Structure formats: C-alpha cells, structure tokens
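Fair warning: this is a prediction, and the values are worked out from it, not measured in the lab.
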Amino acid sequence: MAGSGVAVKNGFDVSPNPARTSITVRILGETAGTLILTDITGKTWMQQPIEQQEMKIDISARIPAGIYLIQLRTAGGAFFAEKLIIQSN
C-alpha cells in the first residue's frame, strides 16, 4: 500500500508510519506475546505485553525522533518485525 502510512507484515501492522505522537498496533493473529521497540543501536525503548487485538501507544513523551524496529514476539514462538520512523513533534 504505497503512500498509505501503514506498514503491513504477517503478524501485525502499525500506523501511522512515520509517526509523531502515537501509534496504533493491530495484531493480525495470536494476541498472546510482547511488543518490543528498539533503536538502531539495539537499545530497548519499550517492551510491553500485548493486551488486545488493537492497541494505541503514546510515543510523544518517552521516545525521541529516530528510526526504530518494532517487534512482535508471540507466546507461540513467532517473530515479526517492522521498521518504524518516529518524527519530532
């Protein structure tokens, strides 16, 4: 979906991308697992359990602008990842 602002992968999608203040993560399969956000150096900025099929996450106060990898690790052992760009407000 070119130009839609939505990154779609097998296990989840995240929008908008690029993001400024919040992201919405939609889990497309198994909902037991963990979301992890790391920067390009490998530093973990967020790690939280998946609470529901669709989650809105506030990124405005705690995560600086940059390029990140958002990962979904399911309880069943599946792993999905997508690049996320966070822009300054």
Side-chain angles (χ1 to χ4, degrees):
M1 294 175 150
S4 69
V6 177
V8 178
K9 289 293 173 193
N10 294 332
F12 71 105
D13 65 66
V14 60
S15 63
N17 191 4
R20 290 186 187 273
T21 58
S22 67
I23 57 173
T24 299
V25 178
R26 287 177 206 76
I27 309 302
L28 304 176
E30 181 181 353
T31 58
T34 305
L35 281 174
I36 304 163
L37 185 71
T38 57
D39 65 19
I40 58 174
T41 69
K43 178 180 177 181
T44 299
W45 285 88
M46 178 194 77
Q47 184 168 341
Q48 70 180 64
I50 298 168
E51 300 167 350
Q52 53 201 19
Q53 198 86 28
E54 184 171 302
M55 299 169 45
K56 186 169 184 175
I57 301 168
D58 179 13
I59 57 171
S60 61
R62 56 185 175 164
I63 302 171
I67 299 173
Y68 295 85
L69 186 65
I70 187 164
Q71 304 165 58
L72 166 63
R73 295 179 190 262
T74 70
F79 173 81
F80 305 97
E82 177 64 38
K83 179 173 74 171
L84 174 65
I85 299 170
I86 299 177
Q87 299 175 329
S88 48
N89 295 333

Checking side-chain contact (heavy atoms from CB on, under 4.5 Å) against Q71, which of T38, L35, L37, T34 comes through?
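Exactly one pass, corresponding to T38.
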
Are T74 and I50 close enough that some pair of their side-chain heavy atoms sits under 4.5 Å apart?
no

Report yes if the side chains of I70 and N17 come closer than 4.5 Å at any heavy-atom pair, otherwise no.
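No, side chains not in contact.
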
Polar side-chain atom of R20 near backbone of S88 as donor-acceptor pair, under 3.5 Å
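The answer is yes, because a donor-acceptor pair under 3.5 Å joins these two groups.
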
Nearest 0.5 Å please: distance from the [atom1] atom of [X] over to the [atom2] atom of [Y].
X	Y	atom1	atom2	value
I67	D39	CD1	CG	10.5 Å
Q52	R26	CD	CZ	12.0 Å
W45	I36	CH2	CD1	16.0 Å

Decide yes or no on side-chain contact (heavy atoms from CB on, under 4.5 Å) for I63 and Y68, but give the supporting numbers first.
CA-CA 10 Å; I63 302 171; Y68 295 85; 3.4 Å; yes

If I compare all heavy atoms of [X] with all of [Y], which pair ends up nearest, and what's the gap?
X	Y	result
A19	L84	CB-CD1, 4.5 Å
S22	P16	O-CD, 3.7 Å
L69	A81	CD1-CB, 3.8 Å
Q87	A65	C-CB, 3.9 Å

V14 with M46, same ILVMFWY side-chain cluster at under 4.5 Å
yes

